[in-house]
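Here's the structure we're looking at; comments come further down.
All chains are named by letter (A, B, ...) in the order of the sequence lines, taking the proteins before the strands, and each is independently numbered beginning at 1. Quick caveat, the model's predicted, so the values are computed rather than measured.
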Amino acid sequence: MSQKPNLPRGMRDFGPEQMTKRNYIFQNIKDVFQKYGFMPLETPAMENLSVLTGKYGDEGDRLLYKVLNSGDFLGKVTSDDFTSGSKEVLPKVSEKGLKYDLTVPFARYVVKNRHELTIPFKRYQMQPVWRADNPQKGRYREFYQCDADVIGTESLLCETEIILMINEVFEQLGITDFTIKMNHRKILNGVTEYIGAKDKETDFLVAIDKLDKIGMAKVKQELVNRGLTNESVEKAEQVLNISGENLERLNILKNVLEGFPSGEEGINDIESILAMVQKFGLDDHHIELDVTLARGLSYYTGTIFEVKVNNVSMGSVTGGGRYDDLTGVFGVPDLSGVGFSFGVDRIYDVMEELDLFPSDKLTGTKVLIIHLDQTSFEYGLGALNRLRRKSISSEIFPDPAKPKKQFSYANKKGIPYVIVVGSEEVNTGLLTFKDMHTGNEEKCTLESIIGKLSID
RNA sequence: GUGAUUGUAGUUCAGUUGGUUAGAACGCCUGAUUGUGGUUCAGGAGGUCGUGGGUUCGAGUCCCAUCUUUCACCCCA
């Protein structure tokens, strides 16, 4: 027990059964991305720290995994650096880090290849990212993100298509009870202006983002603690209490934010998106306008959204938004982009909790050939070859073993059918074909077996 | 980074105020069944009690450190 090798904290293996389920999710997402015209992209696990740092706020910088330089990593460090602490030492011992999300490396890629890209550039990316966070439920130190971004257009069609894609993916995965929470950074700007707390915008956003978690009373308390005036807090409560259908909420907001240009722009965007979603004939679009949705990442400037699966104990499973100037920090301003990301690991946990994995779509090997002696083994090899030529996922037990052991193997692997080959079968050419689920057996030619297995 | 919490067989867990040889269930292996799994029955293997120190005549049990698990804060997929 004690000798067992262990994994680093927050990192996980995925066994065959888990991988089958994970691939099922990946495949669904990938199919939808491609259907909407996104092309695949991969970037390395590591980026230079100069690319990563400063993009995710102070908190993000803390959660970045830094990679020690190769060779004599202490070579450039003086004893003065050492005594003045890790801040001085870090840049001298580490130049690279593991990527924290897929959006920033994507922006780096866009800048690097901007002359070759067809604009608008649409890409999807499904890769692991790393965060040195403390693990807990639905939170890992290594996890996959599935991003799709469009860069180089301000069209609200992008936002609309994101909503369509989210609906398609969740529908295909069998997740029906979910909510796409949508908001707009400009609406939030307008609200902060309206309540007279323009200089406290970050404090305001951080506090209201917790509303559904800690309740109005505590949010108000936190707003006061963060230095907002009582008048601001009262006005904020009035806005945060807006309820009703999306259109009603919009109308109330319109009145409140009249005369605040930023807020008006945000409302117009949301209205356009909702109208366009209707044009695609999506009646049950799961959208809920939520003025408390703020989202952490500081680079969002337009529409923001987040998906929550209802009635499960899990944070958001998808998130995204529009960023007007992500590439600005890399020297290319005015490239507007919008993107979103599925959290596969969380979707997996949710589907497990709701028991949504379809067992029939997840089987690997379809048929196992069981042999009883050397002659039948060799006969079986020929049959195996023919099955595989017909693209039937099949295997033969590799060792001479008792039937009991071979059947048991099929059973444990969940292989739905077996073919038994013994001297009788070799002589007659009629193979014993068994349905492991029902236990029924029949004698068939290989052709008719192939026929039956090809139907499924 | 802060505050709690967990660790005993492959897995999930019992284990009394510190006291003989650390248990169960499931799983695994063998046989009942030399051409049949999943059910049943009989038997068997498997543990440095996370690790390192300490207290004690004696530690799975108490103390310290460390790692790990889970959860909350922060933040977030």
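In the interface, the side chain of A/Arg139 is not paired with the base of B/rC71 through any donor and acceptor atom under 3.5 Å apart. Under 3.5 Å, the side chain of A/Asn411 and the base of B/rG38 form no donor-acceptor pair of N or O atoms. No N or O donor and acceptor, one from the side chain of A/Glu441 and one from the base of B/rG35, sit under 3.5 Å apart. Scanning atom types as modelled, one donor and one acceptor separated by under 3.5 angstrom connect the side chain of A/Lys434 and the base of B/rU36.
The side chain of A/Arg346 sits closest to B/rC76 out of B/rG35, B/rC76, B/rA72. Checking B/rC29, B/rC71, B/rG37 against every side-chain atom of A/Lys412, the shortest atom distance belongs to B/rC29. For A/Gln136, the listed nucleotide lying nearest its side chain is B/rC71; candidates were B/rC75, B/rC71, B/rA77. Nearest nucleotide to the side chain of A/Ser316, out of B/rG35, B/rU68, B/rA77: B/rA77. Checking B/rG37, B/rG35, B/rC74 against every side-chain atom of A/Asp133, the shortest atom distance belongs to B/rC74. Here B/rC74 is the nucleotide among B/rC76, B/rU36, B/rC74 with the atom lying nearest to any side-chain atom of A/Lys210.
Shown here for A/Val239 and A/Val291, the closest heavy-atom pair between the two residues is O-CG2, 3.8 Å.
When Watson-Crick and G-U wobble pairs are counted only if both distances are under 3.5 Å, B/rU21 pairs with no nucleotide at all. Of the nucleotides present, B/rG10 is the one that pairs with B/rC26 by Watson-Crick or G-U wobble criteria, both distances under 3.5 Å.
Taking 4.0 Å as the cut-off between side-chain N and carboxylate O, A/Asp345 and A/Arg12 count as a salt-bridged pair.
Side-chain N/O atoms of A/Lys213 include one lying less than 4.0 angstrom from OP1 or OP2 on B/rC73. In this model, the phosphate group of B/rU36 is not approached by any side-chain N or O of A/Gln406 to a distance below 4.0 Å at OP1 or OP2.
Residue side chain A/Phe143 meets the stacking definition with respect to B/rA77: its ring centre sits within less than 5.5 angstrom of the base's six-membered ring centre, and the planes differ by less than 30 degrees.
As rounded to the nearest Å, B/rG60 and B/rC67 have P atoms that lie 24 Å from one another. Of the P atoms belonging to B/rG47 and B/rA24, the separation is 15 Å, rounded to the nearest Å. B/rU39 and B/rC28: their P atoms are spaced 9 Å apart (whole Å). Rounded to the nearest Å, the gap between the C1' atom of B/rC41 and that of B/rC49 is 33 Å. Between the C1' atoms of B/rG1 and B/rC74, the separation comes to 9 Å (whole Å). Across the C1' atoms, B/rA22 and B/rG46 are found 14 Å apart, a figure rounded to whole Å. A distance of about 12 Å separates the P atoms of B/rG7 and B/rU12, rounded to the whole Å. When the P atom is used for both B/rU61 and B/rU55, the distance is 15 Å, rounded to whole Å.
Comparing A/Ser423 and A/Lys137 by the nucleotide of RNA chain B that holds the closest heavy atom to each, the one mapping nearer the 5' end is A/Ser423. Comparing A/Gly422 and A/Lys402 against RNA chain B, the residue whose closest nucleotide sits nearer the 5' end is A/Lys402.
In this structure, A/Glu222 atom CD and B/rC73 atom P are separated by 12 Å, rounded to whole Å.
In A/Lys218, the NZ atom is not crowded: 12 or fewer heavy atoms of neighbouring residues, nucleotides or ligands sit closer than 6.0 Å.
Side-chain contact check for A/Ser423 and A/Asp373: no donor-acceptor pair (N or O, by modelled atom type) lies under 3.5 Å.
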